[in-house]
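Everything on this sheet refers to the single structure shown next.
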Number of protein chains: 2
Amino acid sequence: MSGLSRFLSVLRCFTEAKANWTVPELAEAIVVPASTVYRTVRELVAQGFLEPSTEAHYRLGSAFIEFDRMIRLTDPLVKVGSPLLRDLVAEVRHPCVAVLARLYGDRVICAADERYDGAELPTSYERGRPMPLTRGATSKTILSQLPGRRLKRLLADADADAPAKLSGELAAIRKRGHCITRGEVDKGLVGIAVPVSNAELAISASLSLVVSDATLDERLERRLVLLLVSAADLLSQALRRLA
Amino acid sequence: MSGLSRFLSVLRCFTEAKANWTVPELAEAIVVPASTVYRTVRELVAQGFLEPSTEAHYRLGSAFIEFDRMIRLTDPLVKVGSPLLRDLVAEVRHPCVAVLARLYGDRVICAADERYDGAELPTSYERGRPMPLTRGATSKTILSQLPGRRLKRLLADADADAPAKLSGELAAIRKRGHCITRGEVDKGLVGIAVPVSNAELAISASLSLVVSDATLDERLERRLVLLLVSAADLLSQALRRLA
DNA sequence: CAATAAATTATCAAAAAACGAGAATTTGAT
DNA sequence: ATCAAATTCTCGTTTTTTGATAATTTATTG
């Protein structure tokens, strides 16, 4: 282990299931001598990525909150997209969650979200949560925009026969301009997504709405697609202005 | 330069003023050979802390969004405090910003905030923004809770004669249980803060309200102090339940 | 599609830092 | 003050990082 990965192997231990670690616990988990982990943890604490918690335990530190703010302030997709999600959800006037997502390594991450006021949809999509690459309208719509070589490499790593399974569907998304999937990510929920891209800023993302399958009729579906397309258009324009 | 600081010297370049960097620019800014910075940037990109942007430029990466989510899900102060801020602001029924802040190295950082619906207060306090250690009710209230030795060391690094200037004021906060400052951070704004602490979780924080000086009369001030004290009490109880 | 410029990665020997086992020290709770 | 646990320190050894340069890849433009 070396360089950054030495630190990440520690940071990645901090999960929702176990958010508090002692040094000996960390040492055992990542199979590294305690004296080394003490040194690593000391550096992480010094930089604010970890902080002391209950005696001898550590938790994630506020540096992440600081850098997250910097992203909210400077990332074009987040900065331009967040207010737009608010408007979109208001126009929808129906329980839903709006999501702006982008590629994140070999997964997709939600970079901004907005819930319709009071909507209690049990959706997996929430800001900062990595999601599967090949399931759901949000992810597939992102994949549909990737250049061939990049897509191929990505899918090869994910799943040997993914390219074959997906290529038809991705072509359909490119043709139709949107993607609708039912229950692929969360049972009983429908995802409707449209592409958002800006080559200059190296952004290929998707804008999507998640609604309950039960409350979605054809008429509403058509309306949501139209709203999404128009919102994505505004977003793309705003991004072009930034570039 | 070595270890983590090598990576941080790159990440700290990404600011609101300049959020996009090329490798040669970074190399010049931190005075390190380009070939070294290329390697450093590559590692940061691989871990998601940077991502490619406009041709040959880089911006902060989504890993920060991911870790920030983990903090929102697991940090006791943020997790318990956020819903409480919402309730507090609703009860205030007056333009204000509620802030939950904690110590962050030699500064104070806002870990959660909530604006009264539609309030346009031009306050500096916002989630993730580091603030000065010795100015404003929010910071002073945190300082007032620190053990003597820690406080001394902290103030010595900040300002040679800070201990003398502040000790009286901090004692007063400990006695009264709250702190009110006018225009110390933002002109025309008043900060009202109460301590939030839990020794078991190693939390010493403050809960505060920022309101416009012009709209604050004595009667309102008393009400806000009472609301804060009661909210802080609820928060402390909830934290004790977690510990 | 070739030509060109720019960005990025690879190479490799010298220099520096990390490693890890154990000792020494600090810290925190009685 | 005492004790146990946590943390830092020490230091020879091993491993990585470093940085100048060369090689390669990538993107652009005629």
Side-chain angles (χ1 to χ4, degrees), chain A residues 1-11 13 20-47 49-59 61 146-154 197-204 243, chain B residues 1-11 20-47 49-59 61 145-154 197-204 243:
Chain A
M1 189 132 13
S2 79
L4 241 201
S5 63
R6 176 162 60 99
F7 298 99
L8 264 293
S9 67
V10 168
L11 291 176
C13 290
N20 267 274
W21 291 77
T22 67
V23 171
E25 282 169 355
L26 287 167
E28 193 187 350
I30 64 180
V31 197
V32 167
S35 64
T36 299
V37 177
Y38 270 111
R39 218 174 326 150
T40 306
V41 166
R42 200 188 323 163
E43 282 196 75
L44 287 167
V45 170
Q47 301 286 358
F49 291 114
L50 287 181
E51 57 186 41
S53 146
T54 330
E55 36 181 306
H57 284 71
Y58 294 87
R59 60 174 165 246
L146 294 181
R149 283 183 62 251
R150 179 106 188 269
L151 178 64
K152 211 168 162 185
R153 205 182 328 143
L154 205 54
S197 74
N198 183 299
E200 283 217 60
L201 296 173
I203 288 173
S204 63
Chain B
M1 193 134 8
S2 78
L4 240 202
S5 62
R6 176 162 62 99
F7 298 98
L8 264 293
S9 67
V10 168
L11 291 176
N20 267 274
W21 292 78
T22 67
V23 171
E25 283 170 355
L26 286 167
E28 192 188 348
I30 63 179
V31 198
V32 167
S35 63
T36 300
V37 177
Y38 270 111
R39 221 171 325 149
T40 306
V41 166
R42 197 185 334 164
E43 282 195 75
L44 287 168
V45 170
Q47 300 288 356
F49 291 115
L50 287 181
E51 58 186 40
S53 148
T54 330
E55 38 180 304
H57 284 70
Y58 295 87
R59 58 173 167 247
Q145 302 173 76
L146 295 180
R149 281 182 64 252
R150 179 107 187 268
L151 179 64
K152 213 168 162 183
R153 206 182 326 143
L154 204 54
S197 74
N198 183 300
E200 283 217 61
L201 297 173
I203 288 174
S204 63

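Naming convention: chains lettered A, B, ... in sequence-line order (proteins, then strands); numbering from 1 in each chain.
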| query | Is a side-chain donor or acceptor of A:Thr36 paired with a backbone partner of A:Val32 at a separation under 3.5 angstrom? | reply | no
Worksheet item: Do any N or O atoms from the side chain of B:Glu51 and from the backbone of B:Arg59 form a donor-acceptor pair under 3.5 angstrom?
Response: no
Which nucleotide, [options], lies nearest any side-chain atom of [X]?
X: A:Val23; options: D:dT7, C:dT9, C:dG20; value: D:dT7
X: A:Ser35; options: C:dG20, D:dT28, C:dA7; value: C:dG20
X: B:Tyr38; options: C:dA18, C:dA7, D:dT17; value: C:dA7
X: B:Ala56; options: C:dA29, C:dA7, C:dC19; value: C:dA7
X: B:Arg6; options: D:dT17, C:dA18, C:dA10; value: D:dT17
X: B:Thr36; options: C:dA21, D:dG19, C:dT9; value: D:dG19

ask   = Heavy atoms under 4.0 Å, any strand shown: does A:Arg42 hit a base, just sugar-phosphate, or nothing?
value = sugar-phosphate
Closest to the 5' end of DNA chain D, once B:Glu55 and B:Glu43 are matched to their nearest nucleotides, is B:Glu43
Taken to the nearest 0.5 Å, the spacing of A:Leu11 CG from A:Trp21 CH2 works out to 12.0 Å
Here the pair of heavy atoms bringing B:Ala27 nearest to B:Pro33 is CB-C, 4.3 Å
[X] [atom1] - [N] [atom2] separation (whole Å):
X: B:Glu25; N: C:dT8; atom1: CD; atom2: C1'; value: 16 Å
X: A:Trp21; N: D:dA6; atom1: CH2; atom2: P; value: 16 Å
X: A:Glu28; N: D:dA6; atom1: CD; atom2: C1'; value: 17 Å
X: A:Arg39; N: C:dA21; atom1: CZ; atom2: P; value: 11 Å

The answer to which of B:Thr22 and B:Ser2 contacts DNA chain C further toward the 5' end, by nearest nucleotide, is B:Thr22
